[in-house]
Every structure is written in structure tokens, then in C-alpha cells.
Amino acid sequence: MLKVILPNGSAKEFPQSVSIRQIAEGIGPRLAKAAIAGEVDGKVVGIDTRLPDSGEVKLRILTKKDPEALAVMRHSAAHIMARAVMRLKKGAQLAFGPTVEGGFYYDFQMPEPLREEDFPAIEAEMKKIIALDEPFERIEVDRNKALDICKDLGQEYKVEHISTGLAEHPSLSFYRQGEFIDLCRGPHVPSASAIGAYKVLSIAGAYWKGDANNAQLQRLYATAFFSQEDLDEHLKKIEEAKRRDHRLLGKQLGLFAISQEVGPGLCLWLPKGAQVRSQLEEFIKHELRNRNYQPVYTPHIGRIQLYQTSGHFPYYMDSQFPPFYLDPLMQDTQHLFAAHFKGDVNDQKFVDIFEKSSADFQKNFGVSSFLGFGPASTVEERKVAIMHWFNEQEAYLLKPMNCPHHIQIYRAERRSYKELPVRLAEFGSVYRFEKTGQLNGMTRVRGFTQDDAHLFCMEEQVAAEFSGCIEMTQFVLDCLGLTNYRVRLGFRDPASDKYVGSQEVWNRAQASLEEVCTRLGMSYTAEPGEAAFYGPKADFVVTDCIGREWQLGTVQLDYNLPERFQLEFVGADNKMHRPVMIHRAPLGSMERFIGVLIEHFAGAFPLWLAPEQARVVTVSEKSEEYARGVEQKLRTAGLRITGDYRPEKLGAKIRDAQLELIPYMLVIGPRDAEQGTVSIRDRLDGDLGAMTPDAAITKLQAEITARTFRKTFSGSAGLEVKGGENEY
RNA sequence: GCCAGCAUAGCUUCAAUUGGCAGAGCACCGCUUUCGUAAAGCGGGGGUUGUGGGUUCGACUCCCACUGCUGGCUCCA
């Protein structure tokens, strides 16, 4: 006897095994027709799934109204898209085709590359397939049979996946629809007609199982909805989001530029962008003072030995600008040294290659031997001589991180336990050589400035200091109305050996990190494998306007650098102890943070951040003299103000100021000049009427001090809808 | 780095029949207008069509290489 409990609490009993479809039919023919899938005890399954013949289950029958059904339908749509591609292009190999947020994709290996111009044909073929309205038929087989099926189909990726990724699964399932059969966990919609409106969106490269060592596949992105209206709305949303893109707004509003001549990934802060940044930096500096940090300054480069000690070199070699050496021989042999440090070259080979390049160098530059090898010297002796020479080299690296410099500041004096924690803060510029394909506007650059700080404390202070860092990050994000973030605790991947430091030290760090997050009541996800090589961390991750995630603020515990640099302090027992370090940056980098901020505010910054807070616009040139006086008065009061005195009509000047997203306009005509007033105009609320310049100053200053969020707009720069309701 | 696509004036607004004189709009400059809350009128300057080669009588257009940019590169069958 099976007892089925439905969402409304009612229960039905069945004497023998029954499918979800049969239960739906029992409830009503309309429900049976509308059913897309079922949910049994919280697990989404196909409509033809048979329930056990005894016990008790909770059952939901999912229809178009249920969000879970959409994912099922999209997955089915992915199959249909794959089927369409298989029909159009012979010899396509199938890889993965999952549902993702906002749609789905399918990875193929194509004999001929797919192109965007193939999309209409694919969509047309999908239409034909859907018109057939064939059912999705589930076929369950054992592993060996599954392997045979995939081999027969000639689907090599499926064969590989069954033998590796699915090695633990004794029984596997396929779904068949017409001539198309695909290894698939399911579930699927009952038949093709359940698929509503769909669109193939884009094509991209993707590696098999995400590993760059594997074959590069072609990934076809698409989306599907139950109704055309939902699809249209989705596409419209994508379009609107694109208009918020910080790269577009950054150019339109004159915030930043990236010039080919300066170099890719190198950001030029235009005056207005620099103004926003400077304001944000002031804000952070104020918070640092309140929290007893000490500002420091350090240079942009450091000797390579410093980074060998820290472990950044050659560990991060691939993502750094190459070091520069004062000795020209080193320019030629630096790759050799890097390979040697990484263990890619053994001692004998290292000596051989070095001596050859050294000989070439001497031939080319006419310099005599400078290492002084005797003919009888051993490999070991030569290696020692070479390494000794290397360590004497004057070589510099553009700093990829600020910590080694800050550590040297810590070491500049003997530290007592009484002065801990030491908190050293700097807006430190760092350089990292990101791969070209990773660069993205301001959110991924090669040179950036972190709102960095390093805390040196005793082990028993870690929890309090960590807590303080998290609290500051939360405070800063709150002040900007950035609420759409998640906290990710990056932990060590137990299976990997890329980490510096002992497992025991890591466990301690991770435990205390988790403890603090729990105490602060933060929701977080613990993610093994996401840690930095030197310690676990808490990352604040936000989502940009087109759904990409970016790591902003970060707090990282580090038990390893103090060890590497032999940091010490004198304890109460008059003995030497090792401090613990915390790296933290609430904003992360100024570049990325402001990039995200531009999208968050859609370019319409709150008054306290706005590069131009107000603009005087004259009705005609008659009032220019008075207007200039007002402008200067507000400037002297500390407001960022400009004046538009062009011989344009008022409407044109207002329009220009609106498009530049300037929060306030001070309209001045003969009437104002006569009465000693200004007509204040809010960018969104329009004309607020006349007031004295002093009253305007008071009003604006109050808004600045309160750091009020302003409305942005529900459109884009240039397409603003008046009275937009996007309240932040 | 890799896959696909793109590159015309300051502009992520774009045009240029099959290979046949590179053209608009916005912005900029000048003149007229002196104006009260989202675009006044007229005139003007601005280009080695991303860079370098090639094919051709002739290349923005076709071919090759390079540079830069855009989308993407495991929320597993």
C-alpha cells in the first residue's frame, strides 16, 4: 500500500505501483495535461516515473507555474537543440548540455565550426522537431550496456564520461526522442510540445570538462521559456542590462578610458572617474582612521628575492609581468631560472643550458667569463656558483601584491605584544599579467589599486581582528547600497598539494574563520579549493549587470608569510613569538569596484560620489555674471560644480546635463538675478522652485553628509524614463 | 592562451549596389538668435577605412599575418 501526500495536505492511497501521470489523471484531466514533471520527496522526476508500491511519499505535480518545471523544460530544449544540430551537421560529437541560469547550453565537437549565421537554421530545425511532438522516452540500462550504446552511436565524449565521471554509477539512463538518443540523467518534459518560445543566443569555446588540456568544444548558448512574452521580456532585460555596462557608461560619462597605446588592461582614470575614486578613497581613509589603521606608502617594485621569500616568484610567474634584470645576461636566461625554480629542469640540465647561454652571451657581448668555473668543477659546484650569482643579481618585479612590502614595514622595528595588532593600510597599486581573453573593462585589468591592509596580530586576536575586517566590509558595502553579494569561504582543497603550509595550520585557520562568520550571523558557503595558496579566505562576490560574478572585498588569513619572513614579536614572557597576518581589502580593487559601482548605479552616482554634483545653467547670456558668482559661491562651499554659459537654449543645456546624469541643476535667469535666487532642478524630480544659493548649499550638503542613495533610472543614459523607480 | 565574431571621423549611432571618386547624424569650431526647465538656424574643419603584406588597371570591399575589442572557456550524463 502506497500513501501519497499532496501539497494541500490531502493523501491518496494506492494498492499497487502507480506513475505520477496516472495520479495526475486521477486528480483531473486538466492537471494531467498541464503536468510537466513531478517532485517526489523534494526530488524532481519525470512524469512517467513509477512510485514505489508501498510506504509514504510527498508528491508535487509540477506545471508551467513552478520554477522547477522551467529548468526541466530548458533541459529538454537543450536536447532538441542538440538534435537539430545533429540533423544539420553530420558528425557532431555531443558533450554536456545542462541548464544554466537564464537558459541552457550544449557543447559540441563539430567537424565544421558552428557560426552565428547557423542560428536561424538551427532554430528552424528545432521548430520542425517540436512540431512532431514526440515523447521523451526514458531508457535505463546497466553501465556496460550504456557503454555499448554510446560506442554504437560513435559518441566518444559520452563513452569517456561513463568510464570516468560516472564510474560509480551502476545504472545509467538515456532519453530517446525520435532518432535522437542521448545519455542523460533527466528528467524531461513529457513531450516536445511542452517547449514554448526559445532562442539560440551565442556561441563560444569551452573546454571538455573545463580543462584547458582537453579538447576545445563549441558551446551553443540558448534560452527557452514557456511563453513568447516571457522570452521577449527576458531578451529585453538583457538589452537593458547591456546599457548599464560600465564599459559603455564609462565612455559616455567620461569616467575612464583604456588606450591601445598605453596597453591592454591598463586603465586611464579620466577626471570624472578620478573624482569618484578619490571620493571613495576619502571615505575609506576615514573608516581606517576610525578603526585605528596606520597609513603607509610603498614603491611599485621590489627586488625579486623579496618575492622568492614570499613565494610569489616563481609560483605566480605566469600571471606576472616578467622581472627586469640589470644584467643583460639575465634577460636571456630568466626563463631558465624560472623553470629551474619550478623544478621543470634538473640540476645537470640547468647547468648545461646556463653555460651554453652564458657562452653565447660572452660571444655576443665580448665579456669574459665571470663565474669563474674551474675545468674540474662538479655540477653541484657550478650550480652553487650560478645560484650564488643569481642571488646577487639586482632584479626587480612589478609588485603583484603589497604584502611583502608591508611585511618589511612590520620588520622595520622590533615589535612588542603590547603594540599588536599592527594594522598597516595603503592604496597599493599592483600589476598582474592577466591573459588577454580575461581582460574586461575595469573589472579585469592588469594594473590596479587595492584598498589594501595587512594586520599583524597574536593568535588569540585573530577572531576579533577578522571579525573587525568583515564588519568593515559589510559597513562599506551597506553604505553604497550594494546588497546583492554572497560570501564565499575559500578553503583548502584536500586533494591538492599546491598550498604552502601544513594541514594543521590550515585547519586552525579555517575553523576560526568559520566560527567568526557564524558568530556574525552571516550566511556563507564554504568552498574547498577556493583558498589562496597561503591561507583560507572570505570573499565578497557580487554579480554584475549581465550576471557575471566578481570578487570584490576579501579577508584572508595567513599563517604562512609570517613563517617565511620569520616575523616575530616579543611576548609578555619576554620570548619571541610569531604573529598571524590578515590581508584584507573591503573594496578589493578601485578599478573593479568602481566598474561594478557604475553598473550598480547605472552611472547615476549618489550625490556624495557624483563627479559633478551640480551645474549652473543660464537661461541666456544676460544672467551670466550673476550665475558665475553663484557657481563660485557653491564651489567655495566645497561642492563640485560647473557652469554652462553657452549661447544655447535652456532646453538644450538641461538635456545635456540630464544625459550626463548630474544630480542637480541650478537654473538661473534674469528673474533669479533680480531676486537673488536660483531655481533648483532635481535630475529626476524636475523643477523644485526657487531658493537662495545658501539654501541650496545647505540642502546639498545635508544630502552629501547623509550619503543618501539617489534614485537611478529605469532605462539608460540617454533613454531615461522620468521618475524611474529604481530606488537604491 | 584557446573557440567564434567584430574593427570606417572624437562617438558601442551608422552608410558606401557585383571590387569603381568614403558619406550622414551627434560632438567640435564660427556666425545669427538672448531664449525659464530634455535637442534653435546657417556655415565650416575633421579620414593612409586598426596595422603590415598580397591579389587586381583599380581594394573599405577579396586573401594572409599581426594588434585590439566583444561573447565564452564544467552551477557534470
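Side chains are part of it too, since the values below use all heavy atoms of this structure and drop only hydrogens, waters and symmetry mates.
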Base, sugar-phosphate, or nothing for [X], non-hydrogen atoms under 4.0 angstrom?
X	result
A:Q260	sugar-phosphate
A:K649	base
A:I668	nothing
A:G651	sugar-phosphate
A:Y157	nothing
A:R185	base

Measure from the side chain of [X], starting at C-beta and using heavy atoms only, and say which of [options] lies closest.
X	options	result
A:P98	B:U12, B:G36, B:A77	B:A77
A:S620	B:U34, B:G71, B:G68	B:U34
A:L439	B:C69, B:U37, B:U34	B:C69
A:Y221	B:C73, B:A38, B:A77	B:C73
A:F96	B:C73, B:A38, B:A77	B:A77
A:A652	B:C73, B:G71, B:A39	B:A39

Grab the [atom1]-[atom2] distance between [X] and [N] for me, whole Å please.
X	N	atom1	atom2	value
A:D148	B:A77	CG	C1'	17 Å
A:D245	B:G71	CG	P	7 Å
A:L166	B:U74	CG	C1'	13 Å
A:R615	B:U37	CZ	P	19 Å
A:W208	B:G72	CH2	C1'	18 Å
A:K151	B:A77	NZ	P	21 Å

- prompt: When you look at A:D142 and A:N144, which way does the side-chain hydrogen bond (donor to acceptor under 3.5 Å, both in side chains) test go after all the steps?
  reply: CA-CA 6 Å; A:D142 63 35; A:N144 289 336; 5.2 Å; no
Pick the [atom1] atom in [N] and in [M], then give their distance to the nearest Å.
N	M	atom1	result
B:U74	B:U18	C1'	47 Å
B:C6	B:G50	P	13 Å
B:A7	B:C14	P	11 Å
B:G44	B:C26	P	14 Å
B:G41	B:U33	C1'	8 Å
B:G53	B:A59	C1'	14 Å
B:C42	B:A4	P	49 Å
B:U8	B:A15	C1'	10 Å

Would you say [N] has OP1 or OP2 under 4.0 Å from some side-chain N or O of [X]?
X	N	result
A:K622	B:C35	yes
A:K251	B:U12	yes
A:N440	B:G72	no
A:R681	B:A38	yes
A:R247	B:G71	yes

message: Going by side-chain hydrogen bond (donor to acceptor under 3.5 Å, both in side chains), name the pairs with one or both residues in residues 156-168 of chain A, residues two or more places apart or in two chains.
response: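 Non-adjacent pairs meeting side-chain hydrogen bond (donor to acceptor under 3.5 Å, both in side chains): A:Y106-A:K158, A:Q109-A:Y157, A:K158-A:D182, A:E160-A:W208, A:H161-A:K209, A:T164-A:K209.
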query: Which residues satisfy the side chain to side chain donor-acceptor pair (under 3.5 Å) test with A:D66, sequence neighbours excluded?
result: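 With neighbours one apart ignored, the set is A:R60.
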- prompt: In chain order, what residues pass the side chain to side chain donor-acceptor pair (under 3.5 Å) check against A:K251, with sequence neighbours excluded?
  reply: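 With neighbours one apart ignored, the set is empty.
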Residues in side chain to side chain contact (heavy atoms under 4.5 Å, CB included) contact with A:K633, at least two apart in sequence or another chain: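 If we apply the side chain to side chain contact (heavy atoms under 4.5 Å, CB included) test to A:K633, skipping adjacent residues, the hits are A:P693, A:D694, A:I697.
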My understanding is that only residues two or more places apart in sequence, or in another chain, count here; which of them pass salt bridge (charged side-chain N to carboxylate O under 4.0 Å, His left out) with [X]?
X	result
A:E648	none
A:E112	none
A:D107	A:R219
A:R671	none

query: Restricting to pairs with a member in residues 85-96 of chain A, which pass salt bridge (charged side-chain N to carboxylate O under 4.0 Å, His left out), not counting sequence neighbours?
result: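 Pairs touching residues 85-96 of chain A that pass the test: A:R87-A:E125, A:R87-A:E179, A:K89-A:D118.
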Distances under 3.5 Å only, N/O to N/O: pair up the protein atoms with those of nucleotides 41-43 of chain B.
none

Report all interatomic pairs (protein N or O, nucleotide N or O of nucleotides 3-6 of chain B) with separations under 3.5 Å.
{"from": "B:C3", "atom 1": "O4'", "to": "A:Q216", "atom 2": "NE2", "distance (Å)": "3.4"}
{"from": "B:C3", "atom 1": "O2", "to": "A:G205", "atom 2": "N", "distance (Å)": "2.9"}
{"from": "B:G5", "atom 1": "OP1", "to": "A:R115", "atom 2": "NH1", "distance (Å)": "3.1"}
{"from": "B:G5", "atom 1": "OP1", "to": "A:R115", "atom 2": "NH2", "distance (Å)": "3.1"}

message: Does A:Y645 form a side chain to side chain contact (heavy atoms under 4.5 Å, CB included) with A:V616? I'd like the steps, not just the answer.
response: CA-CA 8 Å; A:Y645 305 113; A:V616 167; 3.9 Å; yes
field: Any donor-acceptor N/O pair, A:R492 side chain to A:A531 backbone, under 3.5 Å
entry: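 Between the backbone of A:A531 and the side chain of A:R492 there is no qualifying donor-acceptor contact (under 3.5 Å).
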- prompt: Counting only distance, no hydrogens or angles, is the base of B:G36 paired donor-acceptor with the side chain of A:D672 under 3.5 Å?
  reply: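 Counting by modelled atom types and ignoring angles, a donor-acceptor contact under 3.5 Å is found here.
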- prompt: Less than 3.5 Å between a donor and an acceptor, one on the side chain of A:S202 and one on the base of B:G72, is that the case here?
  reply: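 Under the 3.5 Å cut-off, the side chain and the base do not form any donor-acceptor pair.
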query: Pick one: which of A:R243, A:K242, A:R247 meets side-chain hydrogen bond (donor to acceptor under 3.5 Å, both in side chains) with A:D245?
result: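 When A:R243, A:K242, A:R247 are each tested with A:D245, the side-chain hydrogen bond (donor to acceptor under 3.5 Å, both in side chains) holds only for A:R247.
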field: Earlier contact from the 5' end, RNA chain B, for A:H169 and A:D211
entry: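 Its nucleotide being nearer the 5' end, the pick is A:D211.
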- prompt: Any chance the side chains of A:S76 and A:H188 put a donor and an acceptor closer than 3.5 Å?
  reply: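 Their side chains do contain a donor-acceptor pair, which is all the 3.5 Å distance test asks for.
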field: Per-nucleotide pairing state of RNA chain B [Watson-Crick or G-U, under 3.5 Å; [ ] pseudoknot-crossing; | other strand]
entry: (((((((..((.((.....[..)))).(((((.......))))).....(((((..]....))))))))))))....
query: Hey, what's the ring geometry for A:Y431 with A:F321, parallel, tilted or perpendicular (30° and 60° as the breaks)?
result: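 A:Y431 and A:F321: perpendicular rings.
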